[in-house]
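A short worksheet on the structure shown next.
Only this structure's heavy atoms are used, side chains among them; waters, hydrogens and symmetry mates stay out. Bear in mind the structure is a predicted one, so any value in this text is a computation, not a measurement. We count ligands from 1, going down the list as the structure has it; atoms in each ligand are counted the same way.
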Amino acid sequence: MIFSYDQRPVRVVFAPGALNHLPTELATLGAHRAFVVSTQRQATRPPSLDRLLGSRLAGTFDRAVEHVPVAVVDAALVAVRAANADVCVAIGGGSPIGLGKAIARATDLPLVAVPTTYSGSEMTSIWGVTDDTGKRTGRDARVAPRLVIYDPDLTLSLPPGVSAASGMNAMAHAVEAMYAANPSPASLAIAEESVRLLAANLPSLLENPNDDEARSGALAGAHLAGCSLDLAAMGLHHRLCHVLGGTFGLPHARTHAAVLPHVVAFNAPAAPHAMRRLGNALGNADPADALFALAKSLGVAVPLSALGLREADIDRAAQQATATPYPNPRPYTRDDVRSILQGAI
Ligand code: NAD
């Protein structure tokens, strides 16, 4: 066995009502002026946050959107600098957390994340921004949140469709960690438990979005998915989804949900050991089938055409996905990617 990985220092607080601990936790970090980033559409910044922070609230920016466009980063940076903040607090899904990372990268401000979806971004040092040339991503320890506050109560307002798609996004991190090119005993154990928690709890959420236990279980699964994404290199699935989101504007989480079973079916023959482990966690000896069935039951097994991909885009998407390939258990050609997309469209 040969392995190596970096373990970053991060404080994680997980409890119903944990948002109330934010002021104390910020004080422990030595932070006094918080700049809060959120999304506008669903008002992910609860009014209680402003009350909790009181005079520690230095400024806000509520225009985070998916894929972190550079124009939005530039606008946020103007506001951050005017606020003279000493910490950035991102509350909401992967979009505000992604913007928080871009702010941390540009300013060296410490980042605090309060995730309210299952993106897992809060546990990674992976940043991404999108400009005219597509989506660029990288790893940088400066963008990794120093403090993560998980409050499952904040996820109770997540619409079922967002829970389902976001949960499958988390699932994709854990699945790709299982056949990653740089596995470690830690990444494998974390990924397996993540798959188990997500598969066990996502269906219950669809039946009852207010199921506290399922909310906690799914959020804990997403936490581990983020940890596995941080420890392991991602493969073809993540490469393809970055291209589909960054170049063709497909919605991030729903694209992950739609593509994952197709890529797992492609990779299965080349990763028998990982498939056995994945099968154990999913309770089905055929992981691709199990993921198709799970996505279908959650209502997110939709064709990519329904998410905005056109037949005419397939060739360019396949070309981009193979131009800078990610390590993958089964080597892939442009024709392979084309046929995966043909099957998923
Ligand atoms: P998102 O942050 O855009 O949230 C999805 C929707 O849910 C939004 O409309 C949002 O307003 C709403 N929402 C969030 N919390 C809510 C709540 N508590 N109640 C009601 N509505 C709520 O989407 P996402 O899927 O969480 O994140 C996608 C983004 O994250 C993409 O840009 C993706 O690239 C990035 N991402 C990054 C990483 C990483 O490690 N860097 C990992 C995963 C995803």
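- Between N328 and F266, the closest side-chain pair of non-hydrogen atoms falls below 4.5 Å.
- Of the polar atoms of L154, at least one N or O is found under 3.5 Å from an N or O of ligand 1, judged by distance alone.
- When only interatomic distances are considered, the shortest N/O to N/O separation between S95 and ligand 1 falls below 3.5 Å.
- The shortest N or O to N or O distance between E66 and ligand 1 is not below 3.5 Å.
- Contact annotation for S119 and ligand 1: heavy atoms of both the backbone and the side chain come within less than 4.0 Å of the ligand.
- The two atoms that bring A75 and F61 nearest to each other are C-CE1, 3.9 Å, heavy atoms only.
- Aromatic ring centroids of H237 and H262 lie 6.0 Å or more apart.
- Heavy atoms of H173 approach ligand 1 to within less than 4.0 angstrom.
- The distance between the ring centers of Y150 and H223 falls below 6.0 angstrom.
- Ligand 1 lies within reach of P96, whose nearest heavy atom is under 4.0 Å from it.
- Under the 3.5 Å distance criterion, with hydrogens and angles disregarded, a donor-acceptor pair is assigned to the side chains of T324 and R239.
- Per-residue contacts place I126 under 4.0 angstrom from the following atoms of ligand 1 (heavy atoms of the residue considered): 39 (C), 40 (O), 41 (N).
- Here the side chain of D62 pairs no donor or acceptor atom with the backbone of T39 at under 3.5 angstrom.
- When the options S121, G226, S125 are ranked by their closest heavy atom to atom 38 (C) of ligand 1, first place goes to S121.
- Near T117, with a cut-off below 4.0 Å to any heavy atom, the atoms of ligand 1 are 14 (C), 15 (N), 26 (O).
- Close to ligand 1: K135, with a non-hydrogen atom less than 4.0 angstrom away.
- In terms of polar-atom proximity, W127 is not counted as a contact of ligand 1, lacking any N or O under 3.5 Å from an N or O of the ligand.
- Residue H67 has at least one heavy-atom neighbour below 4.0 Å for each of these atoms of ligand 1: 32 (O).
- The shortest N or O to N or O distance between S157 and ligand 1 is under 3.5 Å.
- Of the polar atoms of L229, none of the N or O atoms is found under 3.5 Å from an N or O of ligand 1, judged by distance alone.
- Of all the atoms in ligand 1, the ones that sit under 4.0 Å from a non-hydrogen atom of T116 are 14 (C), 15 (N), 16 (C), 18 (N).
- Heavy atoms of T39 found under 4.0 angstrom from ligand 1 belong exclusively to the side chain.
- In this structure, K101 counts as a contact residue of ligand 1, since one of its heavy atoms falls inside 4.0 Å of the ligand.
- Proximity to T124 (heavy-atom distance under 4.0 Å) selects the following atoms of ligand 1: 39 (C), 40 (O), 41 (N).
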